[in-house]
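Notes follow the structure.
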Amino acid sequence: MFELESPIYFYLLALLPIIVALFLFNLFWKRKRQAVFADLELFNQLVPEQSKFKPILKLGVLLLALACIIIALVNPKMGTKMETVKRQGIDIVFAVDISKSMLAEDVAPNRLEKTKQIVSQIINQLGNDRVGIVGYAGSAYPVLPMTTDYSIAKMYLQSMNTNMVSSQGTAFNDAIQLAVDYFDVKDTSKLIILISDGEDHGEGAEDAIEMAKEKGVRILTIGVGTEKGGPIPLRDDKGNIASYKKDQEGQTVTTKLYPEVLKNIADKTKSKYIVGTSTKEVVEELKKSLDKIEKSEFESQQIADFESQYQWFLALGFLLLLVDIFLLEKKTAWVQKLNLFNEKKHA
């Protein structure tokens with residue numbers, strides 16, 4: 001069992017035929033220049049110690065040395081045994097508000113982008129925890145099932161926008177119910193991190209909160225926006241602000257942060273409400289909250305214990321380079337006596 005750490009370095013093997021081509025070109029050029037001064041028989045008499053085989057041997061040693069060094073860069077690893085790794089962590093579902101009010105720019109660059117920054121930084125602080133993502137507005141939408149692949153989680157997070165859910169509003173009830181359904185393992189610590197501006201235009205979330213409590217799910221809430229609020233920009237195809245959202249009377253809508261709604265959700269599940277103004281402060285506060293939650297063993301894996309083998313190829317490569325340096329192109333005396341390559345010494 002083996003694996004290659006950096007197979008991209010195999011592309012460097014393309015240098016070897018280039019070196020061979022340069023060698024043949026140089027050999028052809030030398031023969032051509034030699035022919036200007038003397039024919040082959042006379043040249044052999046003038047330089048009797050020059051070997052025809054040694055340059056080819058030196059080239060072969062050099063190519064082999066470079067090949068070994070390239071393989072060392074690839075770093076082949078051998079798996080010698082299997083180990084069982086137990087993972088301990090928390091199951092976390094991020095419930096992200098993607099209603100139109102999240103486009104308000106009372107926090108920079110806007111509430112939704114600020115939410116993405118916060119969630120991304122939270123994920124960066126996690127270790128062995130599983131994460132899932134739910135998007136919601138007037139209804140809830142599953143974005144990413146539970147996973148430990150944080151890079152995939154952040155990729156799906158960045159793709160979220162206000163057009164993913166057609167019905168507008170902020171239905172906490174649907175978001176919490178869907179998030180609770182994400183938890184497929186009974187004996188794990190479960191946490192919903194609900195991020196919103198608190199504008200609830202859907203049915204009350206009381207039933208969903210009770211269901212979460214019954215299943216041992218805590219709901220930590222993060223409020224994004226300001227209580228002063230701001231308008232909701234409407235942009236054209238080029239991304240420029242064309243106008244602002246207006247109500248039925250033609251007045252510009254001002255959307256505000258409603259922290260009391262979010263505090264109520266957090267309090268009822270014995271969790272915490274965090275103001276999402278500063279990403280750094282949110283992450284620090286959340287980290288303190290996560291440290292207080294008991295970690296559960298939710299997954300065991302069999303993994304191979306791989307050991308790097310690059311040092312053997314690197315040592316062999318440098319040894320061959322050393323041999324190539326001290327390998328002279330003139331004939332070897334004892335080889336001449338054997339006359340293996342019909343290199344007879346001319347009188």
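Any value given below was found using the heavy atoms of this structure, including those in side chains, with hydrogens, waters and symmetry copies removed.
Distance check: L24 CG to L59 CG gives 8.0 Å after rounding to the nearest 0.5 Å. The CD1 atom of I19 sits 6.0 Å away from the CG atom of L63 when rounded to the nearest 0.5 Å. If you take CD1 on I122 and NZ on K154, they are separated by 12.0 Å, rounding to the nearest 0.5 Å. Atoms OH and CG, from Y273 and N264 in turn, are 12.5 Å apart once rounded to the nearest 0.5 Å. A distance of 9.0 Å separates OG in S159 from CG in L144, rounded to the nearest 0.5 Å. Rounding to the nearest 0.5 angstrom, the gap separating the CD1 atom in I232 from the OG atom in S243 is 11.5 Å.
Contact check for N128 versus T148: no side-chain heavy atoms found under the 4.5 Å cut-off. The shortest side-chain heavy-atom distance between L290 and L126 falls under the 4.5 Å cut-off. Y310 has its side chain out of reach of V74: every pair of non-hydrogen atoms, C-beta onward, lies at least 4.5 Å apart. At least one side-chain heavy atom of N124 sits less than 4.5 Å from a side-chain heavy atom of Q121. Between D91 and L191 there is no side-chain heavy-atom pair separated by less than 4.5 Å. You'll find the side chain of D197 reaches within 4.5 Å of the side chain of S101, heavy atoms only. Within the 4.5 Å cutoff, no side-chain heavy atoms of V131 are placed close to those of V93. Residues P55 and L27 fail the side-chain proximity criterion, which asks for heavy atoms closer than 4.5 Å.
A salt bridge does not link E199 to K256: none of the charged side-chain nitrogens sits closer than 4.0 Å to a carboxylate oxygen. Ion pairing of E285 with K272 is present here, as a side-chain N (NZ or NE/NH1/NH2) and a carboxylate O approach within less than 4.0 Å. Under a 4.0 Å N-O distance rule, the pair E281/K287 does not qualify as a salt bridge.
Hydrophobic clustering, with ILVMFWY side chains joined whenever heavy atoms are under 4.5 angstrom apart, groups F94 together with M155. Under the 4.5 Å side-chain contact rule for hydrophobic residues, I152 and L157 share a cluster. With hydrophobic clusters built from ILVMFWY side chains whose heavy atoms lie under 4.5 angstrom apart, L64 does not share a cluster with I71.
Of the possible polar contacts, one joining the D129 side chain to the I90 backbone as a donor-acceptor pair under 3.5 Å is found. Distance alone, capped at 3.5 Å, places no donor-acceptor pair between the K114 side chain and the G276 backbone. Looking at S6, its side chain never comes within 3.5 Å of a backbone N or O of I8 through a donor-acceptor pair. Without hydrogens or angle criteria, K77 side chain to E307 main chain gives no donor-acceptor distance under 3.5 Å. No donor-acceptor distance shorter than 3.5 angstrom exists from the side chain of Y136 to the backbone of N173, with no hydrogens or angles considered. In terms of modelled atom types and a separation under 3.5 Å, the side chain of S120 and the main chain of Q117 share no donor-acceptor contact. No donor-acceptor pair closer than 3.5 Å links the side chain of Y156 to the backbone N or O of S151.
For CZ of F23, the number of neighbouring non-hydrogen atoms (other residues, nucleotides, ligands) closer than 6.0 Å is greater than 12. No more than 12 heavy atoms of other residues, nucleotides or ligands shown are found within 6.0 angstrom of NZ on K245. The neighbour count for Y141 OH, taken as heavy atoms of other residues, nucleotides or ligands under 6.0 Å away, does not exceed 12. The 12-atom threshold is not exceeded at CZ of F318, counting heavy atoms of other residues, nucleotides or ligands nearer than 6.0 Å.
Nearest heavy-atom pair across F10 and L4 is CE1-CD1, 3.5 Å. Summarising the geometry of S196 relative to L262, their closest heavy-atom pair is O-CD1, 3.6 Å, with the distance given to 0.1 Å. Shortest non-hydrogen contact noted between I192 and A95 is CG2-CB, 4.3 Å. When all heavy atoms of S271 and I219 are compared, the closest pair comes out as CB-O, 3.2 Å. The nearest pair of heavy atoms linking R218 to T269 is CG-O, 3.8 Å. The two residues G230 and A104 have their closest heavy-atom pair at O-CB, 4.3 Å.
Counting only N and O atoms by type, the side chains of N163 and K100 include a donor and acceptor under 3.5 Å apart. Checking E5 against S308 by side-chain atom types alone, no donor-acceptor pair falls below 3.5 Å. Of the N and O atoms on the side chains of D97 and S99, at least one donor lies less than 3.5 Å from an acceptor on the other residue. Looking only at atom types and distance, the side chain of R111 has a donor-acceptor partner in the side chain of T255 under 3.5 Å away. Under the 3.5 Å distance criterion, with hydrogens and angles disregarded, a donor-acceptor pair is assigned to the side chains of K246 and T252. For the residue pair T221 / K263, no side-chain donor-acceptor distance below 3.5 Å is found, with atom types taken as modelled.
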Determine, stepwise, if the pair R130 / I92 fulfils side chain to side chain contact (heavy atoms under 4.5 Å, CB included). CA-CA 6 Å; R130 295 197 308 172; I92 302 172; over 6 Å; no
Test log, rule side chain to side chain contact (heavy atoms under 4.5 Å, CB included), inputs K280 and V283: CA-CA 5 Å; K280 183 179 178 182; V283 173; 6.0 Å; no
May I have the step-by-step check of side chain to side chain contact (heavy atoms under 4.5 Å, CB included) for M160 and V143, ending in yes or no? CA-CA 8 Å; M160 297 180 72; V143 177; 3.9 Å; yes
What verdict does the side-chain hydrogen bond (donor to acceptor under 3.5 Å, both in side chains) test give for D174 and S139, after you've listed the backbone C-alpha separation in whole Å, the side-chain angles of each residue and the deciding distance to 0.1 Å? CA-CA 6 Å; D174 291 350; S139 59; 5.6 Å; no
E105 vs R235, salt bridge (Lys or Arg N to Asp or Glu O under 4.0 Å): CA-CA, chis, key distance, verdict: CA-CA 13 Å; E105 298 177 347; R235 298 181 181 273; 2.4 Å; yes
Verify side chain to side chain contact (heavy atoms under 4.5 Å, CB included) between L194 and F172, making sure each step is shown before the conclusion. CA-CA 9 Å; L194 187 145; F172 291 131; 3.6 Å; yes
Step by step, work out the salt bridge (Lys or Arg N to Asp or Glu O under 4.0 Å) result for K268 and E210. CA-CA 8 Å; K268 288 187 175 181; E210 286 302 317; over 6 Å; no
